[in-house]
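On a predicted model such as this, the values are computed, not experimentally measured, just so you know. Below, chain A is the first sequence line, B the second, and so on; all start at residue 1.
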Amino acid sequence: MGIKGLMKFLQDAAPKAIREIDSQQAYTGRLMAIDASMCLYQFMIMIRENRSGSYQNLTNAEGQETSHIVGMLSRTIRLMENGIKPVYVFDGKPPELKLGELAARRQKREQAEANLQAAVEAGNAEEVLKSTKMTTRVTKEHNEQTKTLLGLMGVPVVDAPSEAEATCAALCRDGKVYAAATEDADCLTFGTKVLVRNLMAAESQKKQILEVSLERALEQLNISMDQFIDFCILSGCDYCDTLKGVGPSTAIKLLMQHGTIEKVIEEL
DNA sequence: ACTCTGGTTCAAGACGCG
DNA sequence: TTAATTGAACCAGAGT
DNA sequence: CGCGTCC
């Protein structure tokens with residue numbers, strides 16, 4: 001999914017497009033688009049506590065999960081303390097083209113539930129945790145509650161018509177935000193001018209903040225934006241079947257050779 | 001021997017105290 | 001008709 | 001840093 005290894009490819013083929021950033025301070029005063037749905041998913045998975053053998057999310061007095069609230073609150077406060085102005089983008093309806101994968105994932109999930117049952121009975125804590133994570137979901141209510149929280153904090157929220165990443169990219173392309181802060185390189189395909197990686201993970205996980213410039217990537221690859229999109233399609237993306245035997249390396253070669261995706265296809 | 005693809009598997013927050 | 005990620009790291013195997 | 005807590 002996504003374009004496999006796109007970041008790695010860019011690091012090899014267009015290193016000048018990638019800049020190392022010292023700290024979050026570099027973005028003081030800047031608007032940054034963030035995929036909220038992705039954040040929530042991670043919060044629901046990670047913010048838990050082992051209570052009597054089962055790994056449960058944090059909850060309020062009524063037993064409603066609150067992990068997403070705690071996670072979003074602390075993360076957003078940290079960003080704001082550094083003067084960053086986050087714009088959270090929520091997923092809309094999944095694109096039709098992704099529905100095809102639904103059956104396979106449902107099966108996986110059912111298996112995880114069975115796995116969980118077995119692990120509980122066997123008292124295998126590690127396995128319980130793993131299976132619990134695999135069965136974790138983010139509901140519509142979690143999303144709504146988070147939007148309310150952000151609203152109260154004065155943080156702007158955007159509802160994407162479909163995929164959040166596409167809307168993050170559009171916001172950046174149209175100059176509404178400085179960059180899209182995401183790990184998803186697909187954002188570049190959608191036209192993000194600037195993509196910031198590891199914005200959150202930098203401090204806690206000792207990762208380097210990386211800033212990717214779409215313009216400089218195109219420059220260095222010596223291709224146009226249209227060609228870059230063609231390149232991504234050839235490499236294999238969410239929206240169509242992959243070509244057998246064609247990954248990023250082959251795709252860029254073919255494209256350099258023939259110029260457009262249409263001519264590449266003709267040659268095959 | 002080397003390169004590349006493709007399948008599988010795994011891990012994923014943030015804070016503060018000592 | 002609830003809600004269902006994602007990428008990176010690793011390894012096997014095909015192609016050159 | 002390791003570990004417990006956050007609700």
**OP:** Could you tell me which non-hydrogen atom of M32(A) sits nearest to which non-hydrogen atom of L199(A), and how far apart they are?
**Re:** CE-CD2, 4.0 Å
**OP:** Could you name each residue pair satisfying salt bridge (charged side-chain N to carboxylate O under 4.0 Å, His left out) that touches residues 72-81 of chain A, not counting sequence neighbours?
**Re:** R78(A)-E203(A)
Name every donor-acceptor pair, under 3.5 Å, that has one atom in a side chain of residues 86-95 of chain A and the other anywhere in the protein, sequence neighbours excluded.
{"from": "Y88(A)", "atom 1": "OH", "to": "T76(A)", "atom 2": "OG1", "distance (Å)": "2.9"}
{"from": "D91(A)", "atom 1": "OD1", "to": "A164(A)", "atom 2": "N", "distance (Å)": "2.7"}

**OP:** List the atom of L188(A), the atom of L195(A), and the distance in Å for their closest heavy-atom pair.
**Re:** CG-CD1, 3.9 Å
**OP:** Quick one: label K93(A) by what it contacts on the DNA or RNA (base, sugar-phosphate, nothing), any heavy atom closer than 4.0 Å.
**Re:** nothing
Original post:
What parts of residues 30-50 of chain A reach DNA chain B, counting only heavy atoms under 4.0 Å away?
Top reply: F43(A), I45(A), M46(A), I47(A)
Return the polar atom pairs (N/O with N/O) between nucleotides 10-16 of chain C and the protein under 3.5 Å, or none.
none

Original post:
Using a cut-off of less than 4.0 Å, is there contact between a side-chain N or O of R137(A) and OP1 or OP2 of dA4(C)?
Top reply: no
**OP:** Drop me the distance from T167(A)'s OG1 to R173(A)'s CZ, to the nearest 0.5 angstrom.
**Re:** 9.5 Å
Original post:
Residues in side chain to side chain donor-acceptor pair (under 3.5 Å) with R137(A), at least two apart?
Top reply: none
**OP:** Verify the contact: side-chain N or O of S74(A) to OP1 or OP2 of dC15(B), cut-off strictly under 4.0 Å; return yes or no.
**Re:** no
Original post:
What is the distance from CG of D91(A) to P of dA4(C), rounded to the nearest Å?
Top reply: 8 Å
Can you check nucleotides 2-9 of chain B for protein contacts, nitrogen or oxygen pairs under 3.5 Å, and list what you find?
{"from": "dT5(B)", "atom 1": "OP1", "to": "G247(A)", "atom 2": "N", "distance (Å)": "2.2"}
{"from": "dT5(B)", "atom 1": "OP1", "to": "G247(A)", "atom 2": "O", "distance (Å)": "2.9"}
{"from": "dT5(B)", "atom 1": "OP1", "to": "P248(A)", "atom 2": "N", "distance (Å)": "3.3"}
{"from": "dT5(B)", "atom 1": "OP1", "to": "T250(A)", "atom 2": "OG1", "distance (Å)": "3.4"}
{"from": "dT5(B)", "atom 1": "O5'", "to": "G247(A)", "atom 2": "N", "distance (Å)": "3.4"}
{"from": "dG6(B)", "atom 1": "OP1", "to": "G245(A)", "atom 2": "N", "distance (Å)": "2.9"}

Original post:
Can any side-chain N or O of S23(A) pair as donor or acceptor with the backbone N or O of Q25(A) at less than 3.5 Å?
Top reply: yes
**OP:** With sequence neighbours left out, write down each residue that passes ring-ring contact (aromatic ring centres under 6.0 Å, His included) with F9(A), or none if nothing qualifies.
**Re:** F231(A)
Subject >> Residues touching DNA chain D, which here means a heavy atom under 4.0 Å, drawn from residues 53-63 of chain A >> reply: L58(A), T59(A), N60(A)
**OP:** Counting heavy atoms from C-beta on, name the nucleotide in dA3(C), dG13(B), dG7(C) closest to the side chain of D184(A).
**Re:** dG7(C)
Original post:
Which pairs pass ring-ring contact (aromatic ring centres under 6.0 Å, His included) with one or both residues in residues 29-85 of chain A, sequence neighbours excluded?
Top reply: H68(A)-H142(A)
Original post:
To the nearest Å, how far apart are L73(A) CG and dC15(B) C1'?
Top reply: 12 Å
Subject >> Leading and trailing nucleotides of DNA chain D with any atom under 4.0 Å from heavy atoms of chain A >> reply: dC1(D) to dC7(D)
Original post:
Residues two or more places apart in sequence or in another chain: which of them pass salt bridge (Lys or Arg N to Asp or Glu O under 4.0 Å) with E215(A)?
Top reply: none
With a 3.5 Å cut-off and sequence neighbours excluded, list the donor-acceptor pairs that the side chains of residues 10-20 of chain A form with protein atoms.
{"from": "R19(A)", "atom 1": "NH2", "to": "E211(A)", "atom 2": "OE2", "distance (Å)": "2.9"}

